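Everything quoted here is computed from the prediction, not taken from an experiment. Residue numbers start from 1 in every chain, and the chains themselves are labelled A, B, ... in the order their sequence lines are given, proteins ahead of strands. Note that these values count all heavy atoms, side chains included, but never hydrogens, waters or copies made by symmetry.
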Amino acid sequence: MFALVDCNNFYASCERVFNPALEGKPVIVLSNNDGCAIARSKEAKAIGIKMATPAFMLEDLIKEHDVKVFSSNYTLYGDMSSRVMEILSSFTPSIEYYSIDEAFLDLSELKYQDMTELAVKIRQTIKQYTGLPVTVGIAPTKTLAKLANRFAKKKKLTPGIHCLLDPVQIQEVLDHSKISEVWGIGRQHEKLLLRHHVKTAGDFIKLPDEWVRKNMSVVGQRMLNELCGIPSIKWEDQPPPKKGMCTSRSFAYLVTSKSELQEAVSTYAANVALKLRREHSCAGHMQVFLQTSPFNNEKELYIKSVDLDLPVPTNISAEIIHYALKGLDIIYKTGFKFLKAGVIVIEIIPEDQVQHGLFDTVNREKNNRLMAALDNVNKTLGKDMVRFAVQGYEKKWKLKAAYLSKRYTTNYKELLTIKI
DNA sequence: TCTGGGGTCCTAGGACCC
DNA sequence: TCTGGGGTCCTAGGACCC
């Protein structure tokens with residue numbers, strides 16, 4: 001048996017925990033750059049705010065219904081997430097952290113007899129310790145647990161938990177789940193299946209294996225197995241090592257000047273280098289990319305990326321910045337208004353497996369000590385307090401975050417104050 | 001004016017080898 | 001007119017996830 005536990009409207013709920021006045025009100029959280037709505041409270045969904053709607057299209061609705069709007073506060077959400085995960089891991093050590101707001105638990109070793117009772121307990125504990133509402137779905141496979149979780153959100157009786165313990169209960173949920181609600185069915189597969197009159201998950205499991213395999217590859221076959229109660233998706237206790245890391249952002253406004261792009265690209269490069277150091281990894285290869293707005297139909301779209309080999313796999317900021325700027329030199333073109341840039345590193349290996357080059361001109365030992373010192377200072381004083389000059393000081397291009405809440409749980413200066 | 005960011009997995013097809 | 005067959009590796013692109 002597996003449980004899928006996820007936080008309801010996670011980002012919106014996090015904002016509510018520290019601002020009870022938001023209770024019962026429509027709340028939305030915007031993506032980076034205050035671009036579009038990525039989290040919505042129940043009330044916001046009810047007035048018709050759809051996932052990923054651009055903020056500028058919501059202006060009327062926001063005014064009309066007095067919607068409370070927030071910029072993404074990842075420091076806060078990340079910290080709340082680790083609190084939830086810690087509580088979950090107190091129920092069982094067999095836990096897979098699936099995303100910032102959800103986790104699978106493997107319940108097979110658990111002595112709990114009554115699964116429903118366990119689900120209730122999980123829900124209550126998280127609510128009590130963090131203030132966050134969660135939903136629990138329990139079933140024989142991960143995909144069914146996902147479906148049970150979705151079902152738990154829809155149903156009127158005992159909302160927030162649902163267990164699929166026998167074939168009858170499973171069949172009921174399959175028949176009441178739209179095909180698009182199955183984990184792994186996206187827009188394209190939905191279209192394909194609807195063309196073949198497959199409307200529900202119940203219809204889907206009636207399809208012959210060969211058809212699924214032919215039209216939806218092994219991915220479809222796995223979904224089919226999972227829905228039939230045969231676990232076919234890997235259990236990942238430990239997150240597998242990352243294959244690539246990326247830092248990219250849209251700019252607050254369209255950027256034309258090369259110097260501003262250099263600031264941005266070197267900032268992203270420094271960020272990627274920091275991510276590598278946190279994972280104790282080095283990268284052997286990088287890509288830098290640059291693009292104009294895909295939404296401006298009148299102007300020519302310019303998307304260009306360049307690949308660069310790093311002579312020796314590295315996580316040293318200065319080195320990664322150096323090559324990123326070299327890449328920018330290659331792809332930069334005057335006469336365009338750029339919306340977005342990014343730095344990607346691949347060929348990632350553990351830092352203790354780096355093969356040093358015979359003709360290496362970089363003093364890696366010294367640089368590693370420098371990076372450790374830099375990370376330490378920044379950890380104490382706050383992110384980016386010490387940085388490379390090329391990253392710029394003003395950073396006018398930096399993304400917008402006009403409605404940012406405080407970092408209540410991670411910064412002493414931003415603790416919640418209560419007047420009594 | 002204003003449209004997120006960071007990932008994974010799979011397949012097909014080309015290049016290359018014997 | 002004839003022009004193998006198998007294998008591997010790499011890449012681009014598609015689909016999906018949160």
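Using a 4.0 Å heavy-atom cutoff across all strands shown, A:Gly244 reaches sugar-phosphate atoms only and no base atom. As judged by a 4.0 angstrom heavy-atom cut-off over every strand, A:Thr53 is placed among residues making no nucleic acid contact. Looking at heavy-atom distances under 4.0 Å, A:Met57 makes no contact with the nucleic acid at all. Counting non-hydrogen atoms under 4.0 angstrom, A:Leu192 reaches nothing in the nucleic acid.
Rounded to whole Å, the C1' atom of B:dC17 lies 14 Å from the corresponding atom of C:dG4.
Between A:Lys242 and A:Tyr11, the one whose closest nucleotide on DNA chain B sits nearer the 5' end is A:Tyr11. When each of A:Leu339 and A:Lys275 is assigned the nucleotide of DNA chain B with its nearest heavy atom, A:Leu339 is the one assigned upstream, toward the 5' end.
Qualifying ring pair (Phe, Tyr, Trp, His ring centres under 6.0 Å) partners for A:Phe2, counting only residues two or more places apart in sequence or in other chains: A:Trp235. Partners of A:Phe70 by ring pair (Phe, Tyr, Trp, His ring centres under 6.0 Å), not counting sequence neighbours: none found. When the ring pair (Phe, Tyr, Trp, His ring centres under 6.0 Å) test is applied to A:His196, the partners found at least two apart in sequence or on another chain are A:Trp211. Residues passing the side chain to side chain donor-acceptor pair (under 3.5 Å) test with A:Asp329 are A:Lys258, sequence neighbours excluded. Considering only residues two or more places apart in sequence or on other chains, A:Phe388 meets the ring pair (Phe, Tyr, Trp, His ring centres under 6.0 Å) condition with none of them.
Applying the side-chain hydrogen bond (donor to acceptor under 3.5 Å, both in side chains) test to every pair with at least one member in residues 1-16 of chain A, sequence neighbours left out, gives these pairs: A:Asp6-A:Asn149, A:Asp6-A:Lys153, A:Asn8-A:Thr135, A:Asn9-A:Lys45, A:Glu15-A:Tyr77, A:Glu15-A:Ser405, A:Arg16-A:Glu43. Applying the salt bridge (Lys or Arg N to Asp or Glu O under 4.0 Å) test to residues at least two apart or on different chains, none of the pairs has a partner in residues 208-233 of chain A. Screening residues 20-46 of chain A for ring pair (Phe, Tyr, Trp, His ring centres under 6.0 Å), with sequence neighbours left out, gives no hits.
For the pair A:Ile346 CD1 and B:dG6 C1', the interatomic distance rounds to 15 Å; values are reported in whole Å. One interatomic measurement links the two molecules: CG of A:Asn32 to P of B:dG4, which rounds to 10 Å at whole-angstrom precision. One atom, CD of A:Glu59, and another, C1' of B:dT3, lie 13 Å apart when rounded to the nearest Å. Rounded to an integer number of Å, the gap from A:Lys340 NZ to B:dG4 P is 7 Å. A:Lys398 has its NZ atom 15 Å from the C1' atom of B:dG5, to the nearest Å. With rounding to whole Å, A:Ile344 atom CD1 is found 11 Å from B:dT8 atom P. In this structure, the CD atom of A:Gln287 is 14 Å from the P atom of B:dG6, given to the nearest Å. In this structure, CZ of A:Phe289 is placed 10 Å from C1' of B:dG6, rounded to the nearest angstrom.
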Restricting both atoms to N or O, compile the protein contacts to nucleotides 9-11 of chain B shorter than 3.5 Å, with distance only.
residue: B:dC9; atom: OP2; partner: A:Lys243; partner atom: NZ; Å: 2.7
residue: B:dC10; atom: OP1; partner: A:Arg222; partner atom: NH1; Å: 3.3
residue: B:dC10; atom: OP1; partner: A:Arg222; partner atom: NH2; Å: 2.5

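Between A:Ser250 and B:dG5, a side-chain N or O to OP1/OP2 separation shorter than 4.0 Å is present.
No side-chain donor-acceptor contact under 3.5 Å links A:Thr92 to the backbone of A:Leu107. Judged by distance alone, with hydrogens and angles left aside, the side-chain atoms of A:Arg40 form a donor-acceptor pair with the main-chain N or O of A:Ile49 at under 3.5 Å.
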When the side chains of residues 344-354 of chain A are checked against the rest of the protein, which donor-acceptor pairs come out under 3.5 Å, sequence neighbours left out?
residue: A:Glu351; atom: OE1; partner: A:Asn315; partner atom: ND2; Å: 3.1
residue: A:Glu351; atom: OE2; partner: A:His280; partner atom: ND1; Å: 3.0

Review point. Reading nucleotides 12-18 of chain C 5' to 3', which nucleotides get B (base under 4.0 Å from a protein heavy atom), which S (sugar-phosphate only), which -?
Key: ---SSSS
Practice item. Take A:Leu147 and A:Leu227, measure what side chain to side chain contact (heavy atoms under 4.5 Å, CB included) needs, and give me the verdict at the end. Key: CA-CA 9 Å; A:Leu147 219 50; A:Leu227 291 176; 4.0 Å; yes
Review point. Please, what dot-bracket string fits DNA chain C when only Watson-Crick and G-U pairs with both distances under 3.5 Å count, crossing ones use [ ] and pairs to another strand use |?
Key: ....||||||||||||||
